[in-house]
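Input: a single structure, listed below in structure tokens.
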Amino acid sequence: MNQYYLLGRSGLRVSRLALGTMNFGVDGFHAAYGKTEEESEPIFRQYFESGGNFVDTADFYTAGESEKILGRLIDRAGVRDRLVLTSKFTNTIDAGDPNASGNGRKHIIRAVEASLGRLATDYIDLYLLHTWDRITPVEEVVHTLDDLVRSGKIRYAGLSDVPAWYAARAQSYAEAHGLAPLINLQLPYSLVNRGVEAEFVSMAQTLGMGLTAWSPIAGGLLTGKYRRSGEGLSGSGRLTTPNAGGREISPGDWQVIDALESVSADLGRSMAQVAINWVATQPAVASVIIGASSAAQVASNFEALDFEIPADARRRLDEASAPNLGLPYGMFTPQYQSWVVSPGLSIGDKPAGYAPQVVNAAADTAR
């Protein structure tokens, strides 16, 4: 059964898996692993037919080709109103123009108009700041996004790849001034990249921002197709393709891969499915962004939602991938607090069952 949940503190329903379209198109920065429009169409159709409704792109992806291709695919499928369409702004579209990048009002308005044209639509459901530019006042960003919501050009606003303090400042400013809230925060999250747990998870839960996790299989590292070799890494894919955004593989990464491979074998599931399931069921995560090179890969990724990771298997994954967050974060753990803050006592915020989950289930599962 397809499952949809509210994104952050909003009424927007999204599927648990979102389709990333960074590889739709063969131009620009992401061309090394890009797909033509003909290759992209079966990926898109399989995603929609599997029950997905949350599609992610950006003006920067394949030099704008991702948006153009996606617009044509949506039009041919006749599913614009069925989709939650996300795009993003920040990165340059004209290296010679200082106002053709960043998060200033001039660029945001220019960027949304250009994205609407490429996507061949008159509104974007969710519009995200793509990356913190370090210099634009957060108040300017929040006011501009609020103006776009009020104008009808976008339905909701959010953030991607920003510091936690910046996201908290933006949301608090919006709340204090009655402006459109930021309902989404898009961040990298996987078994080999758990840094978001230090601040972002509790911040998102507290301030009503649903997390969407990108790179849940770490660029393919967690699929099992890469192996240790005398030269460091063997296997075919993005991580071994020149100019495709590869990364260094640490001993800790291999420890995670070994644990994931063992758990996957025990469960009779692929490593990618277990890795995606783990991220999708982490606190504060509303949806997981999957990229795919084929329709079959999309179908396999949706099977990641068909099972639960048993408690012991999850413990093995958690222990193998545990991040070393250091101080002061170690002081915020149950172990430290029960030792120093409230020794000898059991203190919690609310008793079990205080706020049961609200789910409108299909008729055959509602009994």
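Just so it is clear, the values below take in all heavy atoms, side chains as well, and ignore hydrogens, waters and symmetry mates.
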Check: Asn184 and Tyr156 side chains under 4.5 Å, non-hydrogen atoms:
no
Which residues end up grouped with Tyr4 if you chain together Ile, Leu, Val, Met, Phe, Trp and Tyr wherever their side-chain heavy atoms are less than 4.5 Å apart?
none
Measuring only between side-chain heavy atoms, which start at C-beta, is Phe24 closer than 4.5 Å to Thr62?
no
Whether the side chain of Gln3 engages the backbone of Arg16 through a donor-acceptor N/O pair (distance < 3.5 Å, no angle test) should be reported.
no
Between Ile108 and Tyr127, the two heavy atoms sitting closest are O-OH, 3.9 Å
Test item: Asp122 and Leu116 side chains (from C-beta on) under 4.5 Å apart, heavy atoms:
no
Side chains of His143 and Leu179: does their closest heavy-atom pair fall under 4.5 Å?
yes
Check the angle between the aromatic planes of His130 and Phe60 and answer parallel, tilted or perpendicular using the 30° and 60° thresholds.
perpendicular
I'd like to know if the side chain of Thr136 pairs up with that of Glu140 as donor and acceptor (distance under 3.5 Å, no hydrogens or angles considered).
no
Rounded to the nearest 0.5 Å, what separates atom CG in Leu73 from atom CD in Glu41?
5.0 Å
Between Arg227 and Glu261, is there a side-chain N and carboxylate O pair less than 4.0 Å apart?
yes
ILVMFWY clustering at 4.5 Å (side-chain atoms), partners of Tyr336:
Leu325, Leu327, Tyr329, Met331, Phe332, Trp339, Val340
Enter the distance from Leu191:CG to Arg194:CZ here, rounded to the nearest 0.5 Å.
7.0 Å
Side-chain heavy atoms nearer than 4.5 Å, only ILVMFWY residues, links allowed to pass through others: does that put Val285 and Leu159 together?
yes
For Asp161 and Pro188 the tightest heavy-atom approach is OD1-CD, 3.5 Å
If you look only at pairs with a residue in residues 278-292, which of them pass as a side chain to side chain donor-acceptor pair (under 3.5 Å), with sequence neighbours excluded?
Tyr189-Gln282, Trp278-Asp318, Thr281-Arg314, Gln282-Arg314
For the backbone of Leu207 and the side chain of Gln171, can you confirm whether one donor and one acceptor N or O come within less than 3.5 Å of each other?
yes
Between Asp133 (side chain) and Gly102 (backbone), is there a donor-acceptor pair under 3.5 Å?
no
Calculate, to the nearest 0.5 Å, the distance between atoms CD1 and CZ belonging to Ile69 and Phe44 respectively.
12.0 Å
Do Thr144 and Arg105 have a side chain donor and acceptor closer than 3.5 Å?
yes
Hey, does Leu7 have a side-chain heavy atom less than 4.5 Å from the side chain of Phe54?
yes
Sorted by first residue and then second, give each side chain to side chain donor-acceptor pair (under 3.5 Å) pair with at least one member in residues 66-75; sequence neighbours left out.
Thr21-Ser66, Glu37-Arg72, Thr57-Ser66, Glu67-Ser87, Glu67-Ser115, Glu67-Arg118
Pairwise side-chain contact, Val79 with Phe48, heavy-atom cut-off 4.5 Å (strictly under)
yes
Can you list the residues that meet the side-chain hydrogen bond (donor to acceptor under 3.5 Å, both in side chains) rule with Thr223, with sequence neighbours excluded?
none
Residue pair Thr90 / Asn103, side-chain donor-acceptor N/O under 3.5 Å
yes
Cation over ring face, Arg13 and Tyr5, 6.0 Å, 45°
no
Looking at Ser342 and Ser338, would you say the former's side chain and the latter's main chain have a donor-acceptor pair under 3.5 Å?
no
Hey, is the main chain of Gly52 close enough, under 3.5 Å, to the side chain of Ser50 for a donor-acceptor pair?
no
Could you tell me whether the side chain of Asn277 and the main chain of Phe307 form a donor-acceptor pair under 3.5 Å?
yes
Linked, directly or transitively: Ile183 and Ile289 (ILVMFWY side chains, under 4.5 Å):
no
How many angstroms lie between atom CG of Leu260 and atom CG of Asp253, to the nearest 0.5 angstrom?
12.0 Å
Could you check if a side-chain atom of Leu222 sits within less than 4.5 angstrom of a side-chain atom of Met271, using non-hydrogen atoms only?
no
Which atom of Val149 lies closest to which atom of Ala180, heavy atoms considered
CG2-CB, 3.9 Å
For Thr36, is there any backbone N or O sitting under 3.5 Å from a side-chain donor or acceptor partner on Glu39?
yes
Can a salt bridge be assigned to the pair Lys106 and Asp97 using a cut-off of 4.0 Å between side-chain N and carboxylate O?
no
Please list all pairs meeting salt bridge (charged side-chain N to carboxylate O under 4.0 Å, His left out) that have one or both residues in residues 47-63, counting only residues at least two apart or in different chains.
Asp56-Lys88
Any chain of hydrophobic side-chain contacts (each under 4.5 Å) joining Leu187 to Leu19?
yes
Assigning hydrophobic clusters by single linkage (Ile, Leu, Val, Met, Phe, Trp, Tyr; side-chain heavy-atom cutoff under 4.5 Å), is Val192 placed with Ile249?
yes
So, Ser215 versus Asn193: side-chain donor-acceptor pair below 3.5 Å or not?
no
Transitive ILVMFWY side-chain link Leu129 to Tyr173, under 4.5 Å:
yes
Considering non-hydrogen atoms only, spot the tightest contact between Ala111 and Phe89 and give its length.
CB-CB, 3.8 Å
Side-chain contact test, heavy atoms from C-beta onward, threshold under 4.5 Å: evaluate it for Val141 versus Tyr166 and give yes or no.
yes
Measure across Ser15 and Asn53 and return the closest heavy-atom pair with its distance rounded to 0.1 Å.
N-OD1, 2.8 Å
Heavy-atom pair of closest approach, residues Ala170 and Val138:
CB-CG2, 3.6 Å
So, Thr333 side chain and Gly330 main chain: donor-acceptor pair closer than 3.5 Å or not?
yes
